[in-house]
Peer 1: 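Just dropping this structure here.
Heavy atoms only: backbone and side chains are in, while hydrogens, waters and symmetry mates are out. Given the structure is predicted, the values throughout are model-derived calculations rather than measurements. Position 1 is the first residue of the sequence; numbering continues from there.
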Amino acid sequence: MPDFELDKFIRQLRDAALEADAREKVRGLMCDVFQDPGAIKATMPVYENDDELLFEDDSISIWCVRFPPGTHVPPHDHQTTATIGVYDGAEDNHFYLREPTQLVYKSSRRVGPGDVIALKPDGIHSVEAADDRPCRGIHVY
């Protein structure tokens, strides 16, 4: 995708969210678009807030998210499908399993420019900025 148009991408995500196989459609669209993270970075507005709601209705919630250096988000689940694509910087995701009395660490993954991850509604992760640069991405719930 040589050019990135945020409004067009939001419309495509909205359409994908209404499909019977919405989870797969959203993930596929994110993977296609994030093949060129530079095009996204070049055209994305710079938002004042770390979390900026781009669009939300009953079928989808689309956010631009920035994790400044030193940010650490404790373990959580989204209670809905989450698809996350990074276009600038990197974030470290740590994944956990819920045991009867505690969370148990499972694995970690660094998500950098062009990477997309998808979490099921019960997927538990913590997130931190990977280095001394902000991490910027688009999160779709």
Peer 1: Measuring from Asn93:CG to Arg109:CZ, what's the distance to the nearest 0.5 Å?
Peer 2: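 It is 8.5 Å, given to the nearest 0.5 Å.
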Peer 1: Is Ser126 close to Val73 at the side-chain level, that is, under 4.5 Å between some pair of heavy atoms?
Peer 2: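 No, too far: nothing below the 4.5 Å cut-off.
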Peer 1: Ignoring hydrogens, what is the shortest heavy-atom contact between Pro45 and Tyr47? Give both atom names and the distance.
Peer 2: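 Taking Pro45 first and Tyr47 second, the nearest heavy atoms are CG-OH, 3.4 Å.
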Peer 1: Kindly compute the distance separating OG1 (Thr83) from CZ (Phe34), expressed to the nearest 0.5 Å.
Peer 2: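 If I round to the nearest 0.5 Å, the distance is 10.5 Å.
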Peer 1: What's the spacing between Glu5 CD and Ile10 CD1 if we round to 0.5 Å?
Peer 2: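 Taking CD in Glu5 and CD1 in Ile10, the distance rounds to 11.5 Å.
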Peer 1: Just verifying a value: how many Å separate Asn49 CG and Trp63 CH2, rounded to the nearest 0.5 Å?
Peer 2: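 It comes to 9.5 Å.
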Peer 1: Taking the six-membered ring where the residue is Trp, are the ring centres of His125 and His76 under 6.0 Å apart?
Peer 2: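 Close enough - the centres of the two rings lie under 6.0 Å apart.
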Peer 1: Gly89 and Pro113: which non-hydrogen atoms are nearest, and at how many Å?
Peer 2: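 Scanning both residues, the minimum pair turns out to be O-CD, 3.0 Å.
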Peer 1: Under 3.5 Å, which donor-acceptor pairs do the side chains of residues 15-29 form with other protein atoms, sequence neighbours left out?
Peer 2:
none

Peer 1: May I have the step-by-step check of side chain to side chain contact (heavy atoms under 4.5 Å, CB included) for Asp92 and Ser108, ending in yes or no?
Peer 2: CA-CA 7 Å; Asp92 288 330; Ser108 294; over 6 Å; no
Peer 1: To the nearest 0.5 Å, how far apart are CG in Asp36 and CG in Asp3?
Peer 2: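 Interatomic distance, Asp36 CG to Asp3 CG, rounded to 0.5 Å: 9.0 Å.
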Peer 1: Would you check if Leu6 and Cys64 make a side-chain contact, meaning some heavy-atom pair closer than 4.5 Å?
Peer 2: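 No - every pair of side-chain heavy atoms lies 4.5 Å or more apart.
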Peer 1: May I ask you to test the Pro68-Asp50 pair for a side-chain heavy-atom distance under 4.5 Å?
Peer 2: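 Yes - at least one pair of side-chain heavy atoms lies under 4.5 Å apart.
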Peer 1: Would a 4.5 Å heavy-atom cut-off, applied to side chains only, mark Glu91 and Ile84 as touching?
Peer 2: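 The answer is yes, as the side chains (C-beta and beyond) meet within the 4.5 Å cut-off.
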Peer 1: Tell me if a side-chain donor or acceptor on Asp57 pairs with a main-chain N or O of Ser59 at a distance below 3.5 Å.
Peer 2: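 Checking the backbone N and O of Ser59 against the side chain of Asp57, a donor-acceptor pair under 3.5 Å is found.
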Peer 1: Does one hydrophobic cluster hold both Val86 and Met30, with members joined at side-chain heavy-atom distances below 4.5 Å?
Peer 2: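 No; Met30 is not reachable from Val86 via cluster members.
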Peer 1: If hydrophobic clusters are built from ILVMFWY residues whose side chains come within less than 4.5 Å, do Ile138 and Val127 share one?
Peer 2: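 In one cluster with Ile138: Val127, no.
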Peer 1: For the residue pair Asp88 and Pro134, establish whether any side-chain heavy-atom pair is separated by less than 4.5 Å.
Peer 2: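 Contact flag for Asp88/Pro134 side chains = no.
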Peer 1: Under a single-linkage definition using a 4.5 Å side-chain heavy-atom cutoff for Ile, Leu, Val, Met, Phe, Trp and Tyr, are Val65 and Val116 assigned to the same hydrophobic cluster?
Peer 2: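 Hydrophobic grouping puts Val65 apart from Val116.
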Peer 1: Please set out all donor-acceptor pairs under 3.5 angstrom arising from side-chain atoms of residues 97-104, sequence neighbours excluded.
Peer 2:
residue	atom	partner	partner atom	Å
Arg98	NH2	Asp77	OD2	3.2

Peer 1: Roughly how far, to the nearest 0.5 Å, is OG1 of Thr80 from CG of Asp122?
Peer 2: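 Interatomic distance, Asp122 CG to Thr80 OG1, rounded to 0.5 Å: 11.5 Å.
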Peer 1: Is there a path from Phe9 to Tyr141 through hydrophobic residues (I, L, V, M, F, W, Y) whose side chains come within less than 4.5 Å of each other?
Peer 2: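 Cluster IDs for Phe9 and Tyr141 differ.
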Peer 1: Is there a path from Leu53 to Ile60 through hydrophobic residues (I, L, V, M, F, W, Y) whose side chains come within less than 4.5 Å of each other?
Peer 2: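 As far as the 4.5 Å side-chain criterion goes, Ile60 and Leu53 are not connected within one cluster.
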